[in-house]
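First comes the structure, then the notes that go with it.
Counting convention: from 1, in listed order, for ligands and their atoms alike. All values below were derived from every heavy atom in this structure, side-chain atoms included, with hydrogens, water molecules and symmetry-related copies excluded.
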Amino acid sequence: MIRNDHFLKDSEDWLISNLAALRTRYPATESHTQECRKEWNRRLCEAALIALSWPKEYGGRELPTATLIAFHELCARMGAPQPINSIAHSILAPTLLRFGTPEQKSRFLPGILNGTEIWCQGYSEPLTGSDLSSVHTRARPASDGWEVNGRKIWTTQAHLAKWCFALVRTEPGSKAHRGLSFMLIDMEAQGVLVEPIRQMTGEADYNEIVFEAALVTPDNILGATGEGWKIAMAAAEYERGIYFLPRVIQLESELEQLKAALAQAALPPSEHAIHSHRVQNLEDQCQIVRWRVDRMLQQVAQGDTPGINGAMLKLTWSEVRQRIWELRLELLGEQAIIAPNSNGEYAVPSSVQREFLWSRAETIVAGTSEIQRNIVGERLLGLPKDKA
Ligand SMILES: Cc1cc2nc3c(=O)[nH]c(=O)nc-3n(C[C@H](O)[C@H](O)[C@H](O)COP(=O)(O)OP(=O)(O)OC[C@H]3O[C@@H](n4cnc5c(N)ncnc54)[C@H](O)[C@@H]3O)c2cc1C
């Protein structure tokens with residue numbers, strides 16, 4: 001695999017100084033906040049570190065995929081936050097580069113490159129989640145484009161987004177994955193309403209979007225009308241690849257934090273031995289995740305899609321991560337019930353609580369564990385197909 005080592009060395013230097021500057025305003029326990037992630041996005045944009053593998057004509061650096069992977073790995077190892085527009089960087093942009101017209105690329109890529117246009121992903125609906133092909137949101141032809149009606153839900157960052165890429169039914173009466181189109185919807189258009197949903201962490205990063213005769217112009221359909229499923233499936237593979245990578249790499253540092261917490265915990269020896277055994281087991285699981293990541297990255301660097309390996313990785317990673325944070329919370333003892341507050345007094349317990357609560361979502365987001373098990377069962381083990 002060809003890597004640009006000069007670029008990576010420069011990037012490492014840049015990361016050291018910029019992360020130090022970021023940490024003066026946002027400590028590591030605030031990495032997940034919108035403010036911190038916005039600031040990190042801005043710094044990456046200013047340093048031209050968004051479009052590493054894009055063609056030069058769209059402002060990219062045309063670096064090989066292996067370098068792109070190594071850069072993301074470096075960011076994750078150094079504890080960099082997830083930039084606020086990562087959905088656009090890692091899912092929408094590669095999809096647009098593959099399926100977009102030259103006009104669409106020229107229209108949408110600059111806003112991602114300079115960080116002025118945030119994107120969200122509009123797939124799930126109140127009645128459509130795991131079975132994505134049963135999309136109910138529909139569009140009908142209007143004089144100047146398409147008129148969209150329906151609802152999307154759990155839409156991450158819709159309240160910040162300028163654009164939403166969404167699956168919409170454009171052929172009346174069509175069933176399942178036929179008759180769907182991949183639309184690029186202006187979130188500031190008339191008829192688009194965004195209602196935030198409060199999560200158990202207390203944050204409100206998710207939203208319900210209501211479309212009431214929202215207009216989408218014909219040039220804002222990616223690919224051919226009615227062929228949205230093919231594009232959504234390609235985008236899902238990108239989601240499994242680079243978008244997912246930092247979260248998996250982060251797992252190793254979370255395991256190290258768990259080990260440190262156990263070493264510091266004042267526990268009777270018998271209890272300590274039980275927890276040490278659990279940590280050892282998690283360490284073994286993390287090693288399996290590491291091997292799967294390496295395999296997936298090799299596939300991605302060779303231009304393949306993660307496929308079944310992505311499903312197994314998502315399954316193992318999300319479940320191991322939940323167990324790591326369960327044990328972290330247990331080790332806190334009575335401090336685990338301290339309510340998060342804003343004065344920083346209980347910063348560590350608060351951040352453990354937050355990660356524990358957040359980790360419950362990991363076995364749901366981007367395909368539930370049950371669905372990943374179905375994929376592994378059907379495609380790898382050859383078990384009978386799920387008819388649900
Ligand atoms: C943190 C987070 C962020 C998200 N962000 C976005 C976003 O930005 N955009 C977006 O479009 N969506 C987003 N989602 C939604 C997510 O994609 C869906 O929650 C997920 O696909 C599951 O769909 P559902 O919630 O409708 O559950 P359902 O599909 O209704 O499933 C309910 C339960 O039934 C099980 N189940 C369903 N079908 C089967 C089956 N065939 N076999 C066995 N079990 C089955 C599921 O595993 C689950 O336990 C997000 C979700 C989370 C948690």
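Atom CH2 of W154 has 12 or fewer heavy atoms from other residues, nucleotides or ligands within 6.0 Å. With a 6.0 Å radius and a threshold of 12 heavy atoms from other residues, nucleotides or ligands, R140 has its CZ atom at or below the threshold.
Backbone and side-chain nitrogen or oxygen atoms of E125 are examined, and none is located within less than 3.5 angstrom of a nitrogen or oxygen of ligand 1. Distances between N or O atoms of W154 and those of ligand 1 include at least one value under 3.5 Å. Between T155 and ligand 1, not a single N/O pair is under 3.5 Å apart. Among the atoms of Y206, none of the N or O lies under 3.5 angstrom from an N or O of ligand 1.
Residue T368 approaches ligand 1 through these ligand atoms, each under 4.0 Å from one of its heavy atoms: 22 (C), 46 (C), 47 (O). Per-residue contacts place Q121 under 4.0 angstrom from the following atoms of ligand 1 (heavy atoms of the residue considered): 7 (C), 8 (O), 9 (N), 10 (C), 11 (O). Counting the atoms of ligand 1 from 1 in the order shown, those under 4.0 Å from a heavy atom of W358 are 1 (C). The ligand atoms of ligand 1 that sit less than 4.0 angstrom from a heavy atom of E370 are 43 (C), 44 (N), 46 (C), 47 (O), 49 (O). Atoms of ligand 1 lying under 4.0 Å from at least one heavy atom of I364, given by number and element, are 19 (O), 20 (C), 53 (C). Near I371, the atoms of ligand 1 lying under 4.0 angstrom from a non-hydrogen atom of the residue are 38 (N), 39 (C), 40 (C), 41 (N). For ligand 1, the atoms lying closer than 4.0 Å to a non-hydrogen atom of A361 are 1 (C), 53 (C).
Ring pair W40/W14 is tilted by interplanar angle, where 30° to 60° counts as tilted.
Judged by a 6.0 Å distance limit and a 45° cone about the ring axis, R354 is positioned over the six-membered ring of W358.
Checking S133 against D131 by side-chain atom types alone, a donor-acceptor pair falls below 3.5 Å. E125 and T137 share a side-chain donor-acceptor pair at under 3.5 Å. Of the N and O atoms on the side chains of N220 and R107, not one donor lies less than 3.5 Å from an acceptor on the other residue.
Contacts between N374 and ligand 1 below 4.0 angstrom, taking non-hydrogen atoms only, involve the side chain exclusively.
Considering all non-hydrogen atoms of both residues, I153 and P126 come closest at CG2-N, 3.7 Å.
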